[in-house]
J.: 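The structure is given below, and queries will be raised subsequently.
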Amino acid sequence: TVAPGEYDIKVIYGEAVGSTKVTLVPDRRNVATPAQYAELETKEALLTDLVNEIFNALEAARDERDDLKRVLADYPGDAPLQETGKSAIDRLSAWEKKVYQTEYQTYEDVGHVPGRMIKKVMHILSSIDYDGPPLTSATLQRVDELQADWAPLHAEFEDIRASDIAAVNTRLREMDAFF
């Protein structure tokens, strides 16, 4: 959804490039004010940033877990390293399950899978984009709730990095190895 207004459009197809200016007029069925359109755009940007932040954290957690598995495979005889590394892997896996659906094996039944953080954020983002302005008070409340729900999950991920992964790094430094 975009607000009514003046827009520059550029289309590129192969070597051909075309551009024009267009005026998007409000849908006559929608009584939204410019302020309500602005609020919609603000919330969409906020939720898009939240989705990106969550996916970036997921990618980082998965990369760190893979790195930990490689390190543990390289030093199978070091009990302290194995213990701290397995703890970090377990915490990262448990954290991922809170953020992203990891329990189903096929993608055929996605709509019936219990929601996780990313699913909830993407659902409200697609809902507000589809419904358009004005946003309801329940929608605005849900956006605030999702931000509040992410804060402790993000803090938990940072704690795993600061404690468990830091312990692995400390042990590797003691061994004169690198992670």
J.: What I want to find out is whether Glu145 reaches Lys120 closely enough, with some N-O distance under 4.0 Å, to be called a salt bridge.
T.: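 Looking at Glu145 and Lys120, the cut-off is not met.
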J.: Any side-chain donor-acceptor pair under 3.5 Å between Ser127 and Arg142?
T.: no
J.: Any cation-pi pair here, Arg171 with Tyr75, using under 6.0 Å and within 45°?
T.: no
J.: Any donor and acceptor pair, going by atom type alone, linking the side chain of Thr84 with main-chain N or O of Leu81 inside 3.5 Å?
T.: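 Confirmed, Thr84 side chain pairs with Leu81 backbone.
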J.: How long is the span from the CG atom in Leu135 to the CD atom in Gln141, to the nearest 0.5 Å?
T.: 13.5 Å
J.: Please tell me whether Thr139 and Thr136 have a donor and an acceptor in their side chains that are separated by less than 3.5 angstrom.
T.: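 Yes - a donor-acceptor pair under 3.5 Å links their side chains.
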J.: Check the surroundings of atom CD in Glu83: do more than 12 heavy atoms from other residues, nucleotides or ligands lie under 6.0 Å from it?
T.: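 Counting neighbours around CD of Glu83, 12 or fewer heavy atoms of other residues, nucleotides or ligands fall under 6.0 Å, so no.
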J.: Measure from the side-chain N and O atoms of Glu41 to the backbone N and O of Ala3, and report whether any donor-acceptor pair falls under 3.5 Å.
T.: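 Indeed, once roles are kept as given, a pair shorter than 3.5 Å links the two residues.
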J.: Do Ile165 and Leu92 have side chains that get closer than 4.5 Å, going by heavy atoms?
T.: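 Yes, their side chains come closer than 4.5 Å.
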J.: Within a strict 4.5 Å, meaning less than it, do heavy atoms of the Arg91 and Asp159 side chains meet?
T.: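 A side-chain contact exists here, since the closest heavy-atom pair is under 4.5 Å.
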J.: Below 4.5 Å, heavy atoms only, C-beta onward: do Met117 and Tyr100 meet side chain to side chain?
T.: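 Side-chain contact under 4.5 Å: no.
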J.: Side chains of Arg62 and Arg65, heavy atoms from C-beta outward: is any pair under 4.5 Å?
T.: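 A side-chain contact under 4.5 Å exists here.
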J.: For Gly77, does its backbone N or O pair with a side-chain atom of Gln82 as donor and acceptor, under 3.5 Å?
T.: no
J.: Quick one, Ile89 and Leu72 - any side-chain contact, counting heavy atoms below 4.5 Å?
T.: yes
J.: When you measure from the side chain of Asn30 to the backbone of Pro133, do you find a donor-acceptor pair of N or O atoms at a distance under 3.5 Å?
T.: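 The answer is yes, because a donor-acceptor pair under 3.5 Å joins these two groups.
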J.: Say whether, by atom type as modelled, one donor and one acceptor occur between the side chain of Asn52 and the main chain of Thr48 under 3.5 angstrom.
T.: yes
J.: Which atom names give the shortest non-hydrogen contact between Ile160 and Ala88, and what distance separates them?
T.: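 For Ile160 versus Ala88, the nearest heavy atoms are CG2-O, 4.4 Å.
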J.: Within the side chain of Trp95, is there an N or O that forms a donor-acceptor pair under 3.5 Å with the backbone of Leu153?
T.: yes
J.: Given side chains that start at C-beta, do those of Phe157 and Val99 come closer than 4.5 Å, heavy atoms only?
T.: no
